[in-house]
Structures are given as structure tokens and as C-alpha cells.
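Input: a single structure, listed below in C-alpha cells.
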Amino acid sequence: MLAGAPNTDDADGLILRIAKGERAALASLFDAEGARLVAVAQRIVRRRDLAEEVVQESFLAIWRSATQFDSSRGSARAWITRIVRNRALNLLRDGHRMDYHDTETLTDLGDRAADAMAAFDALEERDSLKLCLSRLDEPKRRAILLCYVTGLSHGEVAATLKAPLGTVKAWIRRGTIALQDCLS
Amino acid sequence: MTREGKQAAAGDYVLGTMNGPELRAFEQELASDPELAHLVADLSDRMLSLDNVSETEAPAALWARIEAALDNPATDEPQTTVVPISKKTSQQAPGTPWMALAACAVVALGFGYILGATTLAPPEPRVIAVLLDETSASPAVIVEAFGDDSVHLVPLETFEVPQGQVLEVWTLPDAETGPVSLGTLDETREAMLTGPDLPEPQPGQLYEITLEQAPGSPTGRPTGPILVKGFARNPVL
């Protein structure tokens with residue numbers, strides 16, 4: 001495994017104990033991952049109180065469904081992160097569609113773009129994800145980061161990058177294929 | 001799906017850009033396609049480096065709220081209990097009067113529901129579309145679309161549905177949303193279908209029916225041949 005990839009042993013072991021109903025294991029998982037997950041949710045929902053709400057619901061979901069975790073389908077950290085991201089995305093999508101005309105939204109889009117770039121910059125140089133993202137053309141890299149890090153839809157990425165929707169969809173399609181080829 | 005198609009779909013899934021029907025169709029596919037599951041697992045594990053946000057420490061007040069919710073499931077999300085139909089008879093065993101009472105209450109509720117439903121005037125469709133046969137251009141299906149995301153289909157001709165395939169009904173609320181599945185039918189018949197939560201159907205909105213592999217389009221978008229299509233119009237009331 002490449003340096004920079006997370007050590008997954010801890011979370012995987014904790015999920016197995018949570019599946020057996022050990023509340024202490026859930027507490028340990030919260031200590032280890034809670035702060036990170038609130039930050040992940042906040043990049044998508046933007047408000048701290050909503051991000052905490054997302055993480056609270058996610059931990060209840062983890063408690064109920066830990067028996068369904070299947071380690072052959074990815075690491076426990078990826079699983080719990082997906083639960084948090086999906087809940088944050090649902091909140092974002094259900095809450096409102098963006099109206100690009102008001103200034104508040106334009107500021108919001110600017111903040112999201114900054115968060116997306118910060119996440120990329122924070123990747124360790126040795127992490128092959130950084131290498132492979134760096135090899136993509138800039139628009140493709142930005143489009144992928146805006147979707148993944150800040151939860152934008154294709155339409156919102158198009159508005160942020162001031163590019164036609166069809167072009168953005170093609171960037172993301174070709175970009176994610178190239179990324180997977182580079183990573184494998 | 002080609003390998004590139006699978007990579008693209010895995011990318012959309014991991015990025016979180018799939019919409020409701022597309023997402024549900026993909027998750028079905030994921031459960032039965034090991035290659036796709038492998039692509040998703042690999043990409044999500046690698047993308048996880050972007051989620052290593054440095055934060056100081058987990059907020060203790062938040063853990064206290066989680067513990068409170070665990071101790072008091074009433075504040076938790078409602079749990080749905082599915083009672084298998086075969087168990088119903090054993091629950092109505094004699095000697096459990098409270099269950100008989102509960103059963104009466106259920107019957108009464110059900111009766112009230114039916115009464116309530118029949119005393120209401122039938123809803124008026126917001127728009128009606130006559131879908132034309134793609135080859136003969138003759139009217140083939142009437143679609144009445146209501147304001148509650150449901151549609152009423154009345155076929156005017158019979159379509160051959162080969163074994164292992166289904167008829168899938170689509171609408172295009174707007175270009176950005178793209179085509180949205182309203183449901184599938186395994187044979188030509190009159191039906192009420194309820195699609196996902198969409199804006200109110202508008203005049204000019206496209207409706208179409210395609211032939212797809214059962215249980216429905218794997219991509220959440222029309223992939224098979226278009227049998228019929230038409231644009232909605234306002235009924236004159």
C-alpha cells in the first residue's frame with residue numbers, strides 16, 4: 001500500500017465490535033472519526049449546526065446497520081464516510097436548488113471552490129491520488145474536486161466554472177475514467 | 001456496460017452526482033456486478049485521502065446528543081417494521097383480545113381511508129400527453145399526469161414485451177434534470193405509476209416509453225428503443 005493511504009485497521013475492527021452491540025466501540029469510533037466527519041459534512045452543507053446534525057444521524061445509522069458492513073466492498077472508513085457524505089448530499093439536494101443570481105450564492109460557490117482546492121493542496125505529495133489528479137487537465141481536476149469535496153451537482157459545477165453543462169459532464173466522465181486508469 | 005461505462009458510472013457514484021432514480025438503479029447493478037463493486041470500492045478508498053480534514057478534537061456535546069438519542073429511541077428516526085404476510089394468521093391466534101382490538105382498529109382505519117378516498121372528487125390531471133407510435137405515428141398511449149407525481153397510463157395498442165424486458169415510462173421535466181423514470185410495466189396494461197418527487201408537470205413536457213432489460217434501465221436513463229413519445233398539453237376544463 002502506498003504511503004499516504006489511511007490505516008484502516010482501527011475503523012474496521014471497531015465496526016465489527018459495533019455490529020455486536022458494543023456501545024464503547026461506537027464511542028471510540030466517534031473519538032477517532034467524529035471531528036473529521038463533521039468537517040467533511042460541513043464542506044457540503046456549509047453550516048456547522050447542520051453538519052453536526054448530519055454526523056449525529058450518521059452515527060445512529062452506523063449503530064443500526066453495522067452488521068451490514070461488508071469489508072470486501074471497501075474499507076470501514078470509506079463506508080462511514082459515504083454514510084456521512086450521502087446524508088449531507090441529501091440535505092443539500094432536498095433543502096434548496098441553488099439560484100445563481102443572488103450574491104449569497106455566488107459567495108457560497110466561491111467558498112466551495114476554495115475548500116475544494118484546499119483539500120487537493122492538503123494531499124500528501126507521496127499520495128498517488130495527488131499525482132493522478134495533477135495529471136488531469138485543470139478543468140477536469142476542478143470539476144471532480146468540486147463534486148467530491150463540496151457536493152456540487154453537474155449543473156452547479158457548470159455555473160461555478162462558467163462552462164456549458166454538456167462540457168462539464170464530459171470533463172467529469174473522461175476525468176474519472178483517466179483517474180481510475182492512473183490509480184490502478 | 002463496457003469497462004469505460006462502468007468506470008464512468010463508478011466515478012459518478014463515488015463523486016455523489018447521481019440523482020434519485022439513477023442512484024437506485026446503479027445500487028441494484030452494484031449488488032449484482034462484482035467488477036462494478038470492485039471499481040467503486042477501489043475509487044472510494046483512494047478518494048478518501050481528500051476527506052482527511054485536520055480537525056482538533058471530536059465535539060463532546062455532539063457525542064452526548066448521540067448517546068441521548070441511542071438511549072431514547074423515540075427521538076430516533078422511526079423504525080419501520082415489516083411483518084411478513086404469512087405471519088398474520090398466527091398473530092390473530094385466539095386468547096389475545098388486545099390483538100383482536102388492534103385488528104378492529106386497523107380495519108376501521110382502512111374503512112375510513114376507503115370512505116375518505118371515495119368521497120373525494122376524482123383529481124383532475126394537470127397535463128395530458130398522447131404518445132405516438134414511433135413507427136406508425138398513430139396515437140398509442142394516453143398519459144394523464146397529476147400534481148402528486150403520479151401518472152395514469154391508458155394504452156391504445158398492445159406492445160410486444162419480450163421475455164426478460166420491461167416497458168419503462170420516462171418524462172423529461174427539464175433539460176438539466178434529464179430523463180426521469182416514472183416506473184416500469186411488464187406488459188401492456190392500464191396503470192397508475194408514481195414517480196420520484198418532481199416539479200409539477202408542465203405543458204410541453206416530454207413523455208416516452210422505452211423497451212428496457214428487466215428490472216429497468218441499468219443506467220437510470222433510457223437505453224433501449226423508444227416505442228412511443230409525445231408532449232403534454234393542458235386539458236381544457
Side-chain angles (χ1 to χ4, degrees), chain A residues 4-6 8 23 26-27 30-40 43 52 55-57 59-61 63-64 72-75 77-78 81-82 85-86 89 93 119-120 122-124 127-130 144-145 147-149 151-155 165 172-173 175-177 179-181 183-184, chain B residues 2-20 23 30-31 34 37-71 73 75-77 79 174-178 197 199:
Chain A
T8 56
R23 175 92 62 101
L26 191 71
F30 183 82
D31 284 342
E33 301 282 347
R36 178 181 76 84
L37 293 171
V38 170
V40 166
R43 291 192 306 205
E52 291 199 1
V55 171
Q56 176 174 338
E57 283 175 12
F59 268 79
L60 298 177
W63 178 248
R64 283 195 301 267
S72 71
R73 291 177 172 270
S75 69
R77 281 185 96 229
T81 308
R82 180 175 307 132
R85 294 189 71 242
N86 285 349
L89 287 169
R93 307 266 190 260
F120 172 69
L123 290 175
E124 290 185 33
D127 190 333
S128 51
L129 181 66
K130 184 155 205 174
I144 288 173
L145 289 167
C147 290
Y148 185 82
V149 177
L152 292 193
S153 67
H154 288 159
L165 180 63
I172 291 172
R173 181 186 169 87
T176 51
I177 292 171
L179 188 63
Q180 288 168 79
D181 285 341
L183 287 168
S184 65
Chain B
T2 61
R3 182 166 172 85
E4 279 211 337
K6 287 184 185 185
Q7 284 181 313
D12 266 341
Y13 178 70
V14 173
L15 255 45
T17 53
M18 283 182 176
N19 61 25
L23 185 63
L30 197 57
H38 191 70
L39 288 171
V40 165
D42 274 359
L43 186 62
S44 27
D45 276 353
R46 306 309 293 273
M47 294 294 278
L48 202 54
S49 311
L50 288 165
D51 294 320
N52 287 330
V53 196
S54 49
E55 271 265 329
T56 45
E57 62 186 66
L62 176 55
W63 174 248
R65 290 205 296 278
I66 293 171
E67 279 218 292
L70 288 173
D71 289 334
T75 62
D76 198 350
E77 286 176 23
Q79 304 267 334
D174 58 71
E176 193 195 298
T177 310
D197 189 23

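Labels below follow one simple rule: chain letters A, B, ... track the order of the sequence lines, proteins then strands, and each chain is numbered from 1.
- Rounding to the nearest 0.5 Å gives a distance of 11.0 Å between CZ of A/R173 and NE2 of A/H154.
- Note: A/I144 leads A/L37, A/L145, A/I144, A/D31 in heavy-atom pairs under 4.5 Å with chain B.
- With A/Y148 as the aromatic partner, A/R85 meets the cation-pi criteria of under 6.0 angstrom to the ring centre and within 45 degrees of the ring axis.
- Residues A/S75 and B/L48 share a closest heavy-atom pair of OG-CD2, 4.1 Å.
- Residue A/A32 does not touch chain B at all, counting heavy-atom pairs closer than 4.5 Å.
- With no hydrogens or angles considered, a side-chain donor-acceptor pair links B/S49 and A/D127 at under 3.5 Å.
- A/I172 touches chain B through its side chain: at least one heavy atom from C-beta onward sits under 4.5 Å away, while N, CA, C and O do not.
- Of the atoms belonging to A/L26, heavy atoms from both backbone and side chain fall under 4.5 Å from chain B.
- For chain B, the nearby part of A/L179 is the side chain; its heavy atoms alone come within less than 4.5 Å.
- Options B/D42, B/L39, B/N19, B/V14 differ in how many heavy-atom pairs under 4.5 Å they form with chain A, and the most are formed by B/V14.
- Proximity to chain A (any heavy atom under 4.5 Å) is shown, for B/I66, by both the backbone and the side chain.
- Residue contact with chain B, scored on non-hydrogen atoms closer than 4.5 Å, is absent for A/N86.
- Using a 4.5 Å cut-off between heavy atoms, B/L23 makes no contact with chain A at all.
- A/K130 contributes no side-chain N or O that, together with a main-chain N or O of A/E124, makes up a donor-acceptor pair within less than 3.5 Å.
- For the options B/A60, B/A37, B/P59, heavy-atom pairs under 4.5 Å to chain A are most numerous at B/P59.
- With a 4.5 angstrom heavy-atom cutoff, A/I177 touches chain B via backbone and side-chain atoms both.
- Here the side chains of A/V40 and A/V55 are not in contact, with every heavy-atom distance at 4.5 Å or above.
- With respect to B/D51 and A/R43, a salt bridge is recorded, a charged nitrogen being found less than 4.0 Å from a carboxylate O.
- Within the 4.5 angstrom heavy-atom criterion, atoms from both the backbone and the side chain of A/R73 approach chain B.
- Between chain A and the options B/A9, B/G16, B/A10, B/P34, heavy-atom pairs under 4.5 Å are most frequent for B/G16.
- Scanning all heavy atoms of the two residues, the minimum distance from B/T17 to A/C147 falls at CG2-SG, 3.5 Å.
- The aromatic rings of A/F30 and B/W63 lie tilted to each other, with the angle between the two planes from 30° to 60°.
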